[in-house]
Number of protein chains: 2
Amino acid sequence: MPDSVALDPVDLHILRLLQNDARTTYRELAAEVGVAPSTCLDRVARLRRSGVILGHRLRLDPARIGRGLEALLLVQVRPHRRELIGPFVERIRALPESRAFFHLTGPDDYLVHVAVAGPADLQRLVLDEFTSRREVARVETRLIFQQWECGPLLPPSEGARAPESQPGSPAP
Amino acid sequence: MPDSVALDPVDLHILRLLQNDARTTYRELAAEVGVAPSTCLDRVARLRRSGVILGHRLRLDPARIGRGLEALLLVQVRPHRRELIGPFVERIRALPESRAFFHLTGPDDYLVHVAVAGPADLQRLVLDEFTSRREVARVETRLIFQQWECGPLLPPSEGARAPESQPGSPAP
DNA sequence: GATGAAAGCAGGGCGCT
DNA sequence: AGCGCCCTGCTTTCATC
């Protein structure tokens with residue numbers, strides 16, 4: 001199901017523009033790309049249907065809404081079994097402080113990106129929501145000095161299909 | 001400059017709705033919140049000007065555009081000095097594979113979230129862009145099994161100002 | 001600062017090429 | 001599939017309170 005979708009240069013151009021500003025109008029897109037507005041509408045609808053475009057997200061500045069301190073929490077869950085990680089995942093996802101949440105390979109099972117008001121809130125979060133849980137074996141807190149969102153996520157090379165991996169290492 | 005902004009209940013309600021769906025029309029917002037559409041427009045424009053709203057971002061599915069493998073790279077930069085980290089940061093930010101990038105406290109100086117086509121590309125990325133750099137002392141690669149975007153980022157409690165930290169621990 | 005009415009303009013359907 | 005017309009309804013302005 002998460003299969004790669006073929007994107008032609010028009011799709012790529014549209015996606016690139018929309019990633020700069022997701023509210024660009026179809027008329028503007030059309031003017032930039034060199035097709036008719038209705039064609040843009042068509043393309044975007046198709047990209048949406050095929051699952052390439054997941055949605056539009058409002059980006060807020062955490063610091064401006066009283067969440068000036070961000071951190072990454074590396075969490076070990078032991079034993080690392082489905083019965084335990086299900087509730088853990090649901091709880092962490094639901095925390096208002098959670099921004100993103102990863103299940104990983106390596107010594108730490110999860111990485112949680114949190115945004116809080118200050119050190120006291122971070123301490124409360126770690127103690128009340130993590131170390132107090134029986135299945136949480138270890139939490140390592142790393143403060144974020146600075147962060148960057150990187151350039152538009154676009155296909156490997158101009159409209160190319162996924163360059164596939166070497167023999168013996170099939171992609172997921 | 002990254003100062004907290006006072007948000008009244010109307011602002012909060014609008015932000016909450018826009019985070020569920022960034023394309024909610026001003027008419028709908030107005031109906032929900034209980035003010036006139038033009039007032040919503042006003043509020044949103046003000047939130048944008050004051051820096052609370054950073055922008056609208058299109059969310060794409062990496063797997064559908066030939067980036068089915070994601071990983072977090074923990075990177076040590078030694079010596080950890082401005083002259084070296086400037087160019088490093090710029091280079092990593094510019095990589096098309098980079099999705100997000102953090103400067104951290106703790107044993108690893110940076111964390112880079114990357115999306116690639118498959119293991120071969122990840123290997124190439126690590127070898128050519130990280131371990132080949134003189135200032136990169138160590139890279140630890142952690143694959144991402146699964147990830148979640150967490151709930152709407154909103155102020156700590158209903159319109160409250162940032163509950164401040166304990167004495168001796170001023171927030172940034 | 002909030003409002004309602006009025007004008008301008010974008011979104012989306014449809015038939016044609 | 002791409003295009004252009006057209007209508008609907010949203011966005012945005014402005015005078016007014």
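Below, read A as the first sequence line, B as the second, and so on, with proteins coming before strands; counting in each chain starts at 1. Note that these values count all heavy atoms, side chains included, but never hydrogens, waters or copies made by symmetry. Since the structure is predicted, the reported quantities are computational estimates derived from the model, not experimental observations.
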**Asked** Are A/Thr39 and D/dC3 close enough that a side-chain N or O sits under 4.0 Å from OP1 or OP2?
**Response** yes
**Request:** Measure from CZ on B/Arg49 to C1' on C/dG1 and round the result to the nearest Å.
**Result:** 12 Å
**Fill in**
When A/Arg46 and A/Arg23 are each assigned the nearest nucleotide of DNA chain D, the 5'-most assignment goes to A/Arg46
**Request:** List the steps and the verdict of side chain to side chain contact (heavy atoms under 4.5 Å, CB included) for A/Leu104 and B/Ile144.
**Result:** CA-CA 5 Å; A/Leu104 299 177; B/Ile144 297 174; 3.7 Å; yes
**Request:** Among C/dT3, D/dT11, D/dC3, find the nucleotide with the atom closest to the side chain of A/Ala36.
**Result:** D/dC3
**Request:** For B/Val10 and for B/Arg27, locate the closest nucleotide of DNA chain C by heavy-atom distance; then report the residue assigned to the nucleotide nearer the 5' terminus.
**Result:** B/Val10
**Prompt:** For the pair made of CG in B/Leu18 and P in D/dT11, what is the distance, rounded to whole Å?
**Reply:** 11 Å
**Request:** Check the pair A/Arg91, A/Phe130 against side chain to side chain contact (heavy atoms under 4.5 Å, CB included), reporting the backbone distance first and the verdict last.
**Result:** CA-CA 10 Å; A/Arg91 179 63 188 142; A/Phe130 289 86; over 6 Å; no
**Request:** Output yes when A/Arg124 and A/Glu97 qualify as a salt bridge under the 4.0 Å nitrogen-oxygen rule, no when they do not.
**Result:** yes
**Prompt:** Could a donor-acceptor pair under 3.5 angstrom be found where the side chain of B/Thr25 meets the base of D/dG9?
**Reply:** no
**Fill in**
Whole-Å distance, B/Asp42 CG to D/dT11 C1', equals 13 Å
**Asked** Considering only C/dT3, C/dG13, C/dA2, which nucleotide approaches the side chain of B/Arg43 most closely?
**Response** C/dA2
**Request:** Going by the salt bridge (charged side-chain N to carboxylate O under 4.0 Å, His left out) test, name the single residue among A/Arg48, A/Arg43, A/Arg46 that passes it with A/Asp11.
**Result:** A/Arg43
**Message:** Whole angstroms only, please: what is the OH-C1' distance between B/Tyr26 and D/dT13?
**Reply:** 14 Å
**Selected nucleotide, minimal atom distance to A/Leu41 side chain, candidates C/dT3, D/dC10, C/dG12** = C/dG12
